[in-house]
There are 2 protein chains.
Amino acid sequence: MKSVLVSEDHAIVRFGITAIIKDLIHPVQVVEAADFDETIRRLSETAFDLLILDINIPGGNNLQMISAVRLRQPDIAILIFSGYDEQMFGINYIQAGADGYLEKHAPEEEIRRAILTMIESGKYITPGIRSRLMEHTGHHRQTASHEGNPLLALSGREKEVMQLLARGMSVMNISRTLNLQVTTVSTYKGRIFEKLNISNVIELAEKVRLYSN
Amino acid sequence: MKSVLVSEDHAIVRFGITAIIKDLIHPVQVVEAADFDETIRRLSETAFDLLILDINIPGGNNLQMISAVRLRQPDIAILIFSGYDEQMFGINYIQAGADGYLEKHAPEEEIRRAILTMIESGKYITPGIRSRLMEHTGHHRQTASHEGNPLLALSGREKEVMQLLARGMSVMNISRTLNLQVTTVSTYKGRIFEKLNISNVIELAEKVRLYSN
DNA sequence: TTCCAATGTCGAATAATTACTACAAACCAG
DNA sequence: CTGGTTTGTAGTAATTATTCGACATTGGAA
């Protein structure tokens with residue numbers, strides 16, 4: 001029997017996913033976790049075939065989640081389930097070792113396909129993501145290389161903060177969302193502004209609108 | 001037979017809600033709509049007992065949604081389904097005539113209770129929201145006058161400040177530009193946000209872009 | 001290998017912003 | 001006229017944000 005762990009903090013979303021899984025696969029055992037602690041606890045108890053992991057899960061929210069999971073279950077298939085606008089930095093999770101990537105606003109059909117594909121082949125990447133992956137592999141830093149898209153000059157964490165800032169979220173709020181100190185977020189903000197050569201969030205929002213795929 | 005219309009753009013969320021409804025009520029007919037246009041279309045075709053409406057639905061996203069719905073079906077029960085950041089903002093929908101208010105991150109139990117209560121009594125408000133409602137009642141002006149353009153609700157000085165804010169200028173900077181105390185500018189900023197029903201400069205910039213001649 | 005720039009993260013101190021409260025002048029509906 | 005509302009303006013106190021300097025890691029370049 002296949003078994004799946006659904007880590008997602010919004011109850012309805014969890015509910016929806018669980019329903020889809022049960023409708024799609026059988027026999028199947030589905031376990032739910034509402035935060036990262038619980039996720040880890042479940043992983044220590046039971047072996048799963050697939051983990052569907054919300055990037056924004058409370059207590060998680062960073063690339064180390066992947067290794068924390070792999071530490072417990074090296075062979076589990078990890079499908080990153082990414083919310084709002086984190087496409088930009090979602091790929092970082094793939095590079096960090098996740099096996100699949102699905103966006104929360106994907107249509108039902110794609111969600112079904114993703115889950116099924118993950119269970120069957122252990123991988124699920126859309127062509128769009130794949131090509132973006134291509135771009136990213138290889139060249140990092142060195143200003144000159146990101147000719148076309150200035151946003152590529154930002155590091156993973158910076159991109160994350162950038163997204164939130166561009167949505168109008170306050171520094172304090174971001175710090176809570178990402179479980180970081182306010183000063184840390186502020187530091188990122190400064191570095192972002194510097195790298196993008198801008199001086200306020202309005203300009204940031206513009207750049208993001210312009211260059212975010 | 002009861003019938004419910006679920007207006008929500010995220011497929012999984014829609015799926016989850018539909019599943020809960022079907023599990024909760026029977027016989028029941030559930031129709032889904034992914035954007036506001038579709039919502040209106042459905043409302044024109046069929047009579048529903050309950051509408052579960054995502055505030056952030058594409059094509060909607062404003063208080064006029066309520067009247068648009070009521071225009072078609074005066075007696076439908078409307079449950080506002082509000083996402084993350086819009087809690088503060090959501091109460092306005094209640095004042096605009098919605099019958100219930102539910103947050104997306106509510107636990108499954110509450111979601112069930114809300115839907116059931118709505119179907120049975122046509123209303124659902126949590127104590128928390130109710131108290132916030134209390135506070136808010138009292139200061140609402142004659143919304144009707146500035147139908148099309150919300151920016152018209154602002155006074156001269158406010159518009160002035162708005163313009164600068166939308167350019168990304170800081171409060172301090174504006175205070176120097178206009179020879180006012182920072183606190184004065186801050187007061188304007190607050191009043192602007194309140195009048196436009198927004199909570200950060202990004203949204204302000206959007207409104208300005210949208211409604212400025 | 002070694003070393004350095006880039007990255008992720010903070011704390012202390014300092015600066016900027018907001019929340020409340022206030023109040024007078026201007027407006028306006030009755 | 002008259003009392004209620006809106007507008008322009010601030011002060012005080014409480015929050016938030018930024019600056020600066022640090023430090024441990026990491027991935028490459030040399």
Quiz item: Backbone N or O of A:T184 within a donor-acceptor pair of the A:S175 side chain at under 3.5 Å?
Solution: no
Exercise. Please determine if A:R157 and A:E160 form a salt bridge, counting it only when a charged side-chain N lies under 4.0 Å from a carboxylate O.
Key: yes
Quiz prompt | Note: B:R70-B:D99 ion pair, threshold 4.0 Å (strictly below) | solution = yes
Self-check item: Interatomic distance where CG belongs to A:L152 and C1' belongs to C:dA6 [whole Å]
Solution: 16 Å
Exercise. Please report, rounded to the nearest Å, how far the P atom of D:dT18 is from the CD1 atom of A:I192.
Key: 11 Å
Self-check item: Rounded distance (Å) that lies between atom C1' of D:dT16 and atom CZ of A:R176
Solution: 10 Å
Quiz item: What's the CG-P distance between A:L154 and C:dT7, to the nearest Å?
Solution: 9 Å
Exercise. Please list, chain by chain and in numerical order, all residues satisfying side chain to side chain contact (heavy atoms under 4.5 Å, CB included) with A:T187, sequence neighbours excluded.
Key: A:R191
Quiz item: In whole angstrom, what separates B:N179's CG from D:dG8's P?
Solution: 16 Å
Practice problem: By nearest nucleotide on DNA chain C, pick out whichever of A:Q181 and A:K195 is the more 5' one. | Solution: A:K195
Practice problem: Look at the side-chain N and O atoms of A:T184 and state whether any lies under 4.0 Å from the OP1 or OP2 oxygen of C:dC10. | Solution: yes
Practice problem: Send over the distance from A:L180 CG to D:dT16 P, rounded to a whole Å. | Solution: 17 Å
Quiz item: Is a salt bridge present between A:R41 and A:E38, judged by a nitrogen-to-oxygen distance below 4.0 Å?
Solution: no
Exercise. Return each pair, listed once, that meets side chain to side chain donor-acceptor pair (under 3.5 Å) where at least one residue sits in residues 195-205 of chain A; pairs must be two or more places apart or across chains.
Key: A:E158-A:K195, A:S199-A:E203
Practice problem: Write down the distance between OH (B:Y188) and C1' (D:dT7), rounded to a whole number of angstrom. | Solution: 7 Å
Quiz item: Would B:E8 and B:R14 satisfy salt bridge (Lys or Arg N to Asp or Glu O under 4.0 Å), going step by step from the backbone distance to the final call?
Solution: CA-CA 6 Å; B:E8 154 72 50; B:R14 230 162 44 219; over 6 Å; no
Practice problem: Summarise how protein sits on nucleotides 17-29 of chain C as a single string, 5' to 3': B when a protein heavy atom is under 4.0 Å from the base, S for sugar-phosphate-only contact, - for no contact. | Solution: SBBB-B-------
Exercise. Find the distance B:I174:CD1 to C:dA16:P and express it as a whole number of Å.
Key: 14 Å
Exercise. Give one of base, sugar-phosphate or nothing for B:S155, where a contact means two heavy atoms less than 4.0 Å apart.
Key: sugar-phosphate
